[in-house]
Amino acid sequence: MTTPPETGRRPGELTARELGRWAWRQITSMRTALLLLLLLALAAIPGSVIPQADVDSLAVTRWKDEHPKLTPVYEKLDLFSVYSSPWFSAVYLLLVLSLVGCIIPRLLVYYRALRAQPPAAPRHLTRMPVHASYSTGQAPADVLDRARTVLGRRHRLRASGHGDDFVAAERGHLREAGNLVFHLSLLIVLAGVAMGSLWGYQGGVILVQGTTFSNNLTQYDDFKPGGLFRQGQMKNFRFTVDEFSVDWLEEGPRFGQARKFEAGLTYRVGDGKPQTYDLRVNHPLEVDGTDVFLIGHGYAPVITVRDGTGQVVCTGPTVFLPRDASFLSYGVVKCNDAKPGRIGLDGLFFPSFDMRDGNPVTVFGDDRNPTLSMLAYTGDLGLDDGSSQSVYVLDKSDATPITKADGKPLRVDLQPGDTVELPDGLGSVTFERVDPWIRVQISQTPGKGIALLGVILALVGLCCSLFIRPRRVWVRAVPADDGSGTRVEVAVLDRSGNGETDEVLAAVLDQLQDQPEIVRQS
Amino acid sequence: MSNTAWETLSNQAVATAGIVYFLALVVYLAEWASLRQPAADRELVGAGAAVAEPEQPRTDRTAFLGRLGILLTAIAVLAHLVGLVGRGMAADPNRVPWGNMYEFTLSGTFVVGLLYVVLYRRFGLGWMGPLVVGFVVATLMVAVIWLYDAVAPLTEALNSPWLVIHVVSAVIATGAFTLGGIASIMYLVRMRAERRAEAAGRELSPWLARVPQLDALDRLAYRVHAFAFPVWTFAVLITGPIWAHEAWSRYWNWDPKEVWAFITWVVYAGYLHARATAGWKGRKAALLALVGMATLWFNFIGINYFSTTSQHAYAAERVVP
Ligand code: HEM
């Protein structure tokens with residue numbers, strides 16, 4: 001602490017400049033860095049207990065339904081998107097500010113220290129915390145020569161001045177360098193991550209076996225671009241899902257678990273020639289900086305609907321979404337052009353159908369006994385008001401359930417090859433076969449290499465910073481007061497405060513002579 | 001050997017390890033008790049003997065019990081290893097034994113025990129024996145009683161070489177952080193006891209007197225943490241994201257498990273800062289280390305029960321999409 005210069009002001013008064021300096025000193029102090037770090041840890045907690053929109057938007061919706069009172073409060077506080085919220089950003093930006101403010105001065109200090117000589121020996125080596133002294137018959141010059149050889153092996157030596165009665169040695173500059181590299185690398189990591197969230201994108205699409213995907217916006221089911229994403233950065237490639245296969249466990253405690261998902265793809269970059277790739281979990285396909293991941297799979301029953309005139313009005317694979325790990329799946333068919341009445345179907349797909357205690361269940365995830373069980377509707381299917389509708393939802397609010405002669409709703413239960421006639425000449429429904437579908441995630445993550453480089457650099461710097469022991473060693477040799485031989489003093493200073501200075505001292509003494517008389521004070 | 005035979009072997013080995021750890025604990029406690037007998041040449045505390053070996057001169061019996069304790073611990077660690085290998089061999093196809101929480105806990109405690117045995121001489125950890133072995137026994141019991149799960153193949157996302165590297169490093173760091181945490185606990189305990197003893201003009205109790213001096217404890221804790229921190233960095237911020245990127249398409253997703261790994265990392269960074277900050281050295285730094293250890297173990301076991309959105313739900317398969 002420096003005392004403020006004498007002015008006419010009352011003590012305690014600060015000028016704006018002083019206030020600024022004071023604030024800057026506070027922000028860049030170690031204690032602030034420490035508190036900000038703890039604050040960052042604290043700030044990260046809510047996001048681990050409250051569902052996050054970025055991670056699991058479904059869970060967020062569910063949570064909001066269950067807590068209608070809390071929802072508005074939480075929304076105000078950005079608790080559903082903690083990690084992009086202003087308050088979370090504020091904490092880490094303050095930390096970055098503190099970091100920069102801390103690092104820059106230390107860089108300058110380090111630069112100067114690098115070029116400086118190891119400092120001269122303090123006048124009284126015996127006042128250093130860790131020291132030893134002994135007497136010897138050797139001449140001072142010989143002792144110092146020996147000290148130079150001994151220390152010169154692993155230390156930087158101070159150039160000896162004329163008439164010096166000591167040797168000064170220093171090592172471990174890399175510790176501070178490592179520390180600086182570590183802290184600077186954190187900024188590199190941050191830059192890499194920021195690039196990813198600004199220019200990257202993530203999109204998902206469900207593809208039925210046999211279909212082809214071209215990489216442009218219109219083909220995605222969902223698409224999350226970064227803030228500065230431009231359409232021009234999407235790479236021109238296409239791929240076809242040739243075949244999808246899964247292994248099902250038929251025994252053991254994980255009975256019914258699926259393994260070895262494998263999607264055989266044929267892909268083409270631009271006008272290049274077609275290539276093939278086996279897309280698996282943990283084995284994404286990288287095309288020209290864009291990654292394609294296999295992240296899910298399911299069933300698409302091929303359902304054909306004929307209307308009352310015998311015309312095919314709907315046909316092709318219909319994607320059913322699995323509801324749980326048994327692959328019991330839900331799906332919807334909407335046939336808008338059917339005459340005389342529109343036809344809508346919604347219901348369940350059982351990959352391995354069975355009746356257990358009078359309940360329909362699927363006993364396995366594999367399609368061993370594929371069965372459809374759907375209800376049929378006609379009338380207003382909500383397709384006219386122009387609002388866009390999910391293909392996975394049937395708006396039944398104004399629709400009329402199709403009933404059997406006895407007035408009960410008509411259940412369309414089908415196995416592959418089966419056809420059910422709808423009453424009142426509405427038409428018929430045929431279940432042709434089942435195709436598998438896969439869900440792929442396609443993303444560009446620019447800056448991921450930079451972020452990775454950043455953490456690796458940080459790790460290297462960290463190891464230097466933690467494991468290199470910076471220290472100074474001084475050896476002084478002077479003629480003894482009583483004129484008999486030479487008095488040698490050795491002192492060791494560990495600047496990290498964590499080293500085993502006693503051992504270092506002992507080693508140096510050992511190398512200098514045989515039987516030291518060690519005097520220590522701690 | 002058949003898979004079931006391996007599984008049985010594993011269960012028996014774990015049980016054996018548990019029993020031998022327990023025996024080791026008993027021996028260590030007997031060693032502690034034998035320390036209570038007044039030793040004529042015991043040093044007074046606080047007499048400025050900062051650099052001398054913290055170990056007290058010990059009677060033959062104490063020394064024998066100490067040797068027996070480390071021997072039993074080493075045997076238990078071996079049995080523990082057999083238990084782990086058996087788990088991996090019991091699966092079809094053979095795999096690393098990290099498919100579920102039971103196996104993770106088995107591995108974590110194994111590393112704690114192994115590190116203790118390996119570092120025993122280098123750092124003079126004899127005094128830590130009862131604490132380490134007590135911790136391992138208790139955690140193993142939790143694992144066997146509440147976390148046990150039959151051997152099963154890995155879920156697909158876990159089936160990656162990165163998993164091996166990621167988990168090995170995470171488990172090593174967890175073991176080391178735990179050892180460092182034990183040193184920090186002893187720092188706090190001894191600090192308190194010293195204050196009290198001084199106030200009352202008494203000597204420290206014999207077993208506390210055997211624990212290294214405060215500054216040696218502080219240094220030990222620092223060194224173990226300083227070893228664990230880069231390993232944790234490697235596990236959580238390098239291999240974790242690489243693997244997440246391969247498996248889930250995003251290298252960092254703020255998944256609860258990731259969040260807590262990050263929190264642990266930040267807290268330990270705070271610990272390292274605290275040790276370099278005047279006013280935070282010593283006691284406050286030790287407290288921070290314990291906060292770090294709490295977040296670590298909460299993440300390891302607790303978060304699985306707390307959060308349902310974690311993709312790191314090892315036992316349950318993720319429902320797609
Ligand atoms: C972005 C957040 C930060 C993280 C994750 C972080 C992490 C670390 C770590 C792990 C160490 C231990 C390495 C060592 O002991 O050399 C360390 C040391 C250090 N940090 Fe930071 N740090 C951060 C921000 C800061 C800031 C803002 C400052 C400036 C006030 C700072 C100043 C220091 C100093 C001076 C040391 C050396 C301590 C010593 O000599 O042992 N750090 N930091």
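Convention: sequence-line order gives letters A, B, ...; per-chain numbering from 1. No hydrogens, no waters, no symmetry mates; every other heavy atom, side chains included, goes into these values.
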- Going from CG on B/Asp255 to OG on A/Ser48, what distance comes out if it is rounded to the nearest 0.5 angstrom? 10.0 Å
- Message: Measuring from atom CG of A/Leu452 to atom CG of B/Leu237, what distance do you get when rounded to the nearest 0.5 angstrom?
- Response: 11.0 Å
- Which heavy atom of B/Val267 sits nearest a heavy atom of A/Ala41, and at what distance? CG2-CB, 3.9 Å
- Examine whether an atom of B/Trp162 lies under 4.5 Å from a heavy atom of chain A, and if so say whether it belongs to the side chain, the backbone or both; otherwise answer neither. neither
- Item | Rounded distance [0.5 Å steps], CG in A/Asn282 versus NE2 in B/His245 | 11.5 Å
- If you look at every heavy atom in A/Met30 and B/His273, which pair is closest and at what distance? CE-O, 3.8 Å
- Query: Is there a side-chain contact (heavy atoms from CB on, under 4.5 Å) between B/Phe227 and A/Leu466 once you walk through the steps?
  - Reply: CA-CA 8 Å; B/Phe227 162 75; A/Leu466 289 173; over 6 Å; no
- So how far is it from A/Leu459 CG to B/Phe229 CZ, rounded to the nearest 0.5 Å? 9.5 Å
- Message: Which atoms of B/Trp280 are under 4.5 Å from chain A, going by heavy atoms: the side chain, the backbone, both sets, or neither?
- Response: side chain
- Note on the structure: Rounded to the nearest 0.5 angstrom, the OH-CG distance for B/Tyr271 and A/Leu34 is 12.5 Å
- Residue, of A/Ile45, A/Ile456, A/Leu42, that accumulates the most heavy atom pairs under 4.5 Å with chain B: A/Ile45
- Bottom line for A/Ala451: the part with an atom under 4.5 Å from chain B's heavy atoms is side chain
- Return the orientation label for the A/Phe88 and B/Trp254 ring planes: parallel under 30°, perpendicular over 60°, tilted otherwise. perpendicular
- Are the side chains of A/His283 and B/Glu246 in touch, meaning some heavy atoms are under 4.5 Å apart? no
- So do the side chains of A/Leu38 and B/Leu288 get within less than 4.5 Å of each other, counting heavy atoms only? yes
- Count the heavy atoms belonging to other residues, nucleotides or ligands that lie under 6.0 Å from CZ of A/Arg106, then report whether that count exceeds 12. yes
- Note on the structure: Shortest non-hydrogen pair, A/Gly192 vs B/Tyr251, comes out as O-OH, 4.2 Å
- Between A/Val189, A/Leu35, A/Val193, A/Leu36, which residue shows the highest count of heavy-atom pairs closer than 4.5 Å to chain B? A/Val193
- Query: Using non-hydrogen atoms only, which part of A/Gln441 is less than 4.5 Å away from chain B: side chain, backbone, both, or neither?
  - Reply: side chain
- Message: Show, in sequence, the C-alpha distance, side-chain angles and deciding distance for A/Val455 and B/Phe234, and conclude whether the side-chain contact (heavy atoms from CB on, under 4.5 Å) test is met.
- Response: CA-CA 8 Å; A/Val455 260; B/Phe234 178 71; over 6 Å; no
- Item | Distance (rounded to the nearest 0.5 Å) between A/Phe182 CZ and B/Thr233 OG1 | 6.5 Å
- At their closest point, which heavy atom of A/Ala44 faces which heavy atom of B/Val259, and how far apart are they? O-CG1, 3.3 Å
